[in-house]
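Numbered from 1 within each chain, the chains take letters A, B, ... in sequence-line order. This is a predicted model, so every value here is computed, not measured.
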Amino acid sequence: MTALLEVEDLHVWFELPHRGELHAVQGVSFSLDPGERMGLVGESGCGKTTSILALMGLLPPNASVQGRVRIDGVDIMAGGEESIRPHRWREVAMVFQGAMNALNPVQRVGTQIIEPMELHGFASGDAAVRRTGELLELVGIPAAAADRYPHEFSGGMRQRAAIAMALACEPKILLADEPTTALDVMVQAQILELLKSLSAELGLALVLVTHDLPVVAQVCQRAAVMYAGRIAEAGPIDVLFHEPRHPYTRLLFAATPDLYGDQQVVSIPGAPPRLDQEMVGCPFRDRCDVVMDVCATVDPALVDVGVDAGPSHLAACHRNDVVSSV
Amino acid sequence: MKITAEPGVVPDLDRPRGRGGLLWDTIRRQKAASVGAAIIFTFLILAVFAPLLAPSGPRTQVGPVYGPLSAQHWLGLDDGGIDMVSLLFYGARISMIVGAAAALVATVIGGLIGITAGYVGGRVDGFLMRVTDYFLVIPDLVLMIVIAAIWGPALTHIILVIGLLLWTSTARIVRAQVMSVRERVYVKRARSLGCSHLRIVFRHVLPQIAPLLIANVVLTVAVAIFDETALAFLGLSDPTAISWGTIIEHGFLRQAVSYGAWWAIVPPGICVALLIMGCYLFGQAIEDALNPRLKVAHLSIKGFKVRPADGGKP
Amino acid sequence: MNEPPLLQVRDLVTTFPLRRGFTGAILRQPREAVHAVDGVSLSVAKGEMVALVGESGCGKTTTAQTIMRQVDATSGSVVFEGRDITALDAGEMRPLRRRMQMIYQDPYESLDPRFRVRDAVIEPLVVHGLAGSKKERETKLIDAMSRAGLTPPELYLDRYPHELSGGQRQRVAIAASLVLEPNLLVADEPVSMLDVSVRAGVLTLLDGLRSRGDMGILMITHDLSTAAHFADRIIVMYLGRIVEEGPARQVVRNPQHPYTRALLSVVPRRDPREQVTPQILVGETPNPVNIPSGCRFQPRCPVAEDRCRTIDPALADAGPDHRAACVLVGEGATR
């Protein structure tokens, strides 16, 4: 049974002027079923945004992509932008980082939601207007607000409008890049609840890209933790917190303060490796607190470390036989 | 060496900062800038070393009136039998000096007004900008002609007249930059530290706007040279000073056209045009380099590339 | 503690008048104003870290700016080291500015890109005439860098900001503040723009500064988890007023104000198993131009009563050093 979205061995390189190339995404693989919510977690520069931009075919001309991206079994990446375009917005749509500040200030919100519908041949004229009203109600905005301009909306409402825009052509997959980062915690809760209910009601598969682990813990069932362009660990979010197999996952959780937790919050010394140079061994070794000799010479593969026949739990660490907890 | 804070200081991946770095970098990378710089440099050398490079003196008669082109005199002779090539070399001096001096006056005035308006803001800004608008509206050349005619012919007058009318564009550009720099967090930090306004302007604002000022100076020089040539051609400049403008003026006054002596008029005109073009290329290239780069990758027709699965590059 | 607190703010009000516009002036419409800070009293003692939390528009940043005299107060008083600084002019404020420093949110903008780290950290000394001899300068420079965790200092001194990471830049900004040996540090969202793995380092640094030295820290943040972890006391603001204040542990584990309770319930938890049902409030925080009558929170309050529309509750005792501004507090009605 093929999954709705299958990403296999995705690589992305960026050509740097006069300086070689940057290997931004280094062999990322994951799959998603309808209604599933997956978090793609990592810090700045880890490649999470680049990965989902690749899925949408929105990479700049100096980028090169390799790998397979299958939606319902069909490889959309084979022909580059040409082959992705028919699927864009109709099967996979994206809410961009800072989308709420990227609305056209001189166009009414309704017009901006109708635009993708007409562009992708999904609906037009009266049908589009009606659907716009439905979409707004779906995301919690009164349908009459379609005639307003973005500056009349609050930050939370603009983000909802951006989500409505992404849902315009009934996609099966929604990619959300830091959808709540600039919002207050109460508004964030509203948007996250919205994403959860959309996923449940519409069977939408959701990839939530964020640096905020607690957000992923609240919204997603699974998560993949990225570091230096690769997936360090992936699995059910519950397992990632309670039985992390990669030191980065464990340390990342430990670096996140909890409301009621009393454990000391730690920071991870050092910085991520440069991606414009080939790396030998594990990319995390310079910052790892349980590093071994083999880590400097052998690149750890992403292997299944799950103990039972449950959902897969993958980790890329030579120590993956040792269980450690946060 | 145990490093407790995050080590791995991120090395500089961008082009080098700093005034000298940016200028040199631009000259190297942009063809227009190199061409422009080369032209300016050439004329500079000719002007400075005119006594050594010129075939003869600027007032020495070496042949008949409007002598034609020949092997000894590549551009012929003027109405006084003086070698044109030498005249051009010496003429470069006055043209460039007046141009640079006028541009300096304009930049100083424009810079002061721009910084004051941009930094102080409020009513002062409003007032200064109205003054700037009035000066902008005046047709420069016409006013220059009137003032020079009244004031009398002298190089210093010409320099001042040009400078006092050319500062407006500098003022506007500087004001815009200063207003944006004023809002940066590090300036606010300096204020809350207790920095005096003067210190902030000199140590934080001025260095930020300096590259733009340099670009502006170069462009102003171009206009100033043109204005000087025009004024000289109209007979409003010092008649004893040899500039390209006066050369053309003499040519016209002494009927070079009826003699058919195009070499007495056209070469200086070409020189003016070349130098202005050089200044313009150079100044514009710096200005472009200073503009924040717009992200236009998404507007490109070309798409990203796909690599085949065997791992080889396309 | 017998000596007065480092910072004492009383009934602070900061209002920003809105321009009426031509039509408004002609029609003589009443001038509207943004009531950014509408009666705030707080104190910070030496060795204490106080977190000022709230959502955008609550007035926490304006409060900090008023305390730092970057913005003028409309009424009320700011007393720093026993001296009322509310109405001092620029000249009188200057020597005081040495002892109260601010750390800004954006490490990428806090430093002049043309100044090397060394120049950025020395500049405060020069401004205040404390530069002294070259040797004295170097000593203070190295000392400040070490206290900010930038060791070995030689590695950083000659670098430009664009060569450093976000966390390092923030530390440089902190070093530039420390070099003057201030007593009060106001940190405006000091880590919100830093990567998660780096935040704890900077926060621990601030924590160390207050516990070791004679420093008091007022931290502005919207992140309740950070406040709960690092602060001694938490002050919750809503629409320009303080709605709850108390020891950090107390406020977080036993919140008394309905707003605090709702806010805490929507903070995502790390542990997927510990997710509580979020108490999501309807709508968003109203504009500080039109403040609701009676209790400010009443239009969104899940337990509002009729009397809340007319009564504007003052802060009432809800426990040792713990106060909340709700009619239900002090009636023994703690749910």
>> Taking A:Pro61's backbone N and O only, do any of them form a donor-acceptor pair with B:Lys305's side chain (distance below 3.5 Å, no angle check)?
In response: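 It does hold such a pair.
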Quick check: are there more than 12 heavy atoms from other residues, nucleotides or ligands sitting under 6.0 Å from [atom1] of [X]?
X        : atom1 : value
A:Gln264 : CD    : no
B:Tyr119 : OH    : yes
A:Glu278 : CD    : no
B:Tyr280 : OH    : no

>> Under the rule for side chain to side chain donor-acceptor pair (under 3.5 Å), what residues qualify as partners of B:His204, not counting sequence neighbours?
In response: C:Asp112, C:Glu123
Below 4.5 Å from any heavy atom of chain B, which atoms of [X] appear? Answer side chain, backbone, both or neither.
X       : answer
A:Glu82 : neither
A:Ala54 : neither
A:Arg68 : side chain

>> Determine whether B:Phe304 and A:Leu53 satisfy the following criterion, side-chain contact (heavy atoms from CB on, under 4.5 Å), listing intermediate values before the conclusion.
In response: CA-CA 11 Å; B:Phe304 58 90; A:Leu53 283 176; over 6 Å; no
>> So which atom in B:Arg307 and which in A:Gln66 form the shortest heavy-atom distance, rounded to 0.1 Å?
In response: O-CG, 3.5 Å
